[in-house]
Amino acid sequence: MLIIMSREATPQQIEDVITHITELGLRAHPIPGEMRTAIGITGNQGPLHPEEFENLPGVVQAVRVTKSFKLVSRETKPEDTIVNVSGVKIGGAGLAIIGGPCSVESRDQILKSAEQVKTGGGHMLRGGAFKPRTSPYAFRGKGKDALEWLALAGKEFSLPVVSEVVDAESCEMAIPYLDMMQVGARNMQNFALLESVAKSGRPVLLKRGPAASLDELLNAAEYLLAAGNYQVVLCERGIRSFSDFARNTLDLNIVPAAKEASHLPIIVDPSHGTGHRKMVTPLARAAVAVGADGLIVEVHPDPDHALSDGYQTLFPQQFAALVSSLKPIAESLGRAL
Ligand code: PEP
Ligand code: MN
């Protein structure tokens, strides 16, 4: 159920509706918009009756939200959400470029990476500390040390940092170090993890599962919003298909589709989406051209000796060239880099 408040509704009337919802044992999610405030309701087991709310002062209408996801839908919030990650805005008129290595390998490696991301025109730094790997014998990340080095490098070069957390324990450990929490593709529907990440209070980068539909992605995001965290960025990173020349098939169709269905920003990962260094730049440009709100790209000071995903990782000069080539594409769409 979505309560649409009148444009003239007073803050007290909004507060009274929230109290009424809470007293019914439900959760109220006020969503201020440019024209008016809406209040989403979650927590009901069965259907709610519009009359229960429509007679309250300041309420224009109570409408049933028809989709299985509610708070993430455009029906609930027509305006685009802009997520603020320690000063970097994702969504809106700008483009957010996140660069960095697949994994944080050492203090020196991530400091060097941060410098190269900064000089290459990136806005945020990525680097894995907890790596979910297909094989249990592959390099699985340096954990807390990696978080410390990542936070240090981010501070040194004024780049907010994002890294993946894989369970409640790593999430708790990461809170002091990260500006943004990443939920990896393999964990998109790990609902217990989504709730831990939501409670961390940090903005969340939610990657699409390799076999997840748009509906499933948006419902996973709904878990985050329903738990009170509205700072969510979606990420397309490639899906499984019969195509056999790339690691994954980057499904750029989802960018306009997600934008129609949801107000949340969506960025694209052309590194995991293709799995080949030579394909990253063209697909990154294509992602911007279809309207993505940003990119997350793997870049390493020495990709050929990276401990993970080196074959899909850009050299620093390739990253810088990519970012500068995005400028005219962004501008042609009325966006700025
Ligand atoms: C990553 O970004 O480091 C990563 C492992 O990506 P994904 O979850 O999309 O595979
Ligand atoms: Mn990787």
Side-chain angles (χ1 to χ4, degrees), residues 85 90 96-105 109-110 113 117 122 124-136 138-143 146-147 150 161-167 170-171 174 178-190 193-194 197 203-212 216-217 220-221 232-241 246-252 254-255 258 266-277 279-280 283-284 287 292 294-315 319:
V85 187
I90 309 184
I97 310 296
I98 306 171
C102 180
S103 300
V104 178
E105 298 165 6
Q109 173 250 16
I110 195 67
S113 300
V117 167
M124 281 181 61
L125 179 66
R126 64 151 289 149
F130 304 96
K131 300 300 301 174
R133 300 304 298 277
T134 303
S135 161
F139 172 66
R140 291 171 67 187
K142 298 212 166 167
L147 291 172
L150 180 68
V161 297
V162 58
S163 193
E164 177 168 355
V165 294
V166 291
D167 51 23
S170 55
C171 177
L178 298 183
D179 298 283
M180 184 178 218
M181 300 268 178
Q182 178 173 322
V183 175
R186 294 163 182 81
N187 272 317
M188 187 200 84
Q189 285 183 310
N190 180 338
L193 175 64
L194 292 175
V197 164
V204 182
L205 180 60
L206 178 64
K207 298 190 94 175
R208 178 187 184 185
E216 287 162 338
L217 172 63
V232 176
V233 176
L234 307 172
C235 180
E236 163 61 27
R237 47 75 72 205
I239 52 171
R240 276 286 162 92
S241 80
R247 182 178 179 185
N248 289 296
T249 295
L250 192 65
D251 179 19
L252 293 180
I254 202 171
V255 175
I266 179 162
I267 68 167
V268 169
D269 175 348
S271 306
H272 295 89
T274 62
H276 296 286
R277 189 180 299 146
M279 295 174 80
V280 171
L283 271 296
L295 298 169
I296 178 163
V297 178
E298 288 180 337
V299 50
H300 187 291
D302 183 9
D304 290 336
H305 295 96
L307 296 182
S308 56
D309 287 354
Y311 41 86
Q312 66 187 33
T313 297
L314 296 184
F315 285 89
F319 176 77

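One-based numbering, in listed order, for ligands and for the atoms of each. The model shown is predicted, which means the values in this text are computed figures rather than measured ones.
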Of all the N, O or S atoms in Asp309, the one nearest to the Mn ion (ligand 2) is OD2
Q. Looking only at non-hydrogen atoms, which of Arg186, Glu164, Arg126 approaches atom 2 (O) of ligand 1 most closely?
A.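 Checking each option, the heavy atom nearest atom 2 (O) of ligand 1 is found in Arg126.
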Closest non-hydrogen atoms of Leu193 and Val165, given as atom of the first, atom of the second and distance, are CD2-O, 3.7 Å
Quick check: [X] and ligand 1, any N/O pair under 3.5 Å apart?
| X | value |
| --- | --- |
| Glu298 | no |
| Lys207 | yes |
| Ala185 | yes |

Item checked: Matching residue for Asp269 among Lys207, Gln312, Arg237 - test: side chain to side chain donor-acceptor pair (under 3.5 Å) ->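 Answer to the side chain to side chain donor-acceptor pair (under 3.5 Å) test with Asp269 among Lys207, Gln312, Arg237: Lys207.
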Given the options His305, His300, Lys142, Glu105 meets side chain to side chain donor-acceptor pair (under 3.5 Å) only with His300
So does Asp309 pair up with Arg247, basic N to acidic O under 4.0 Å?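 Salt bridge between Asp309 and Arg247, a charged N being under 4.0 Å from a carboxylate O: yes.
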Look at Arg126 together with Glu298 and state whether they make a salt bridge at an N to O cut-off of under 4.0 Å.
yes
* Sub-3.5 Å donor-acceptor pair from the side chain of Asn248 to the main-chain atoms of Pro210, do we have one? ->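 Checked: no pair found.
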Which value, rounded to 10°, describes the SG(Cys102)-the Mn ion (ligand 2)-OE2(Glu298) angle?
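The two atoms form an angle at the metal of about 100°.
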| Any side-chain heavy-atom pair of Lys131 and Leu307 under 4.5 Å | no
heavy-atom search around atom 4 (C) of ligand 1 in the protein gives His272 NE2, 3.5 Å
* Contact between Arg208 and ligand 1, counting heavy atoms under 4.0 Å? -> no
Under 4.0 Å from one or more heavy atoms of Gly184, ligand 1 contributes atoms 8 (O)
If the cut-off is 4.0 Å to any non-hydrogen atom of Arg237, which atoms of ligand 1 fall inside it?
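Selected atoms, number and element: 7 (P), 9 (O), 10 (O).
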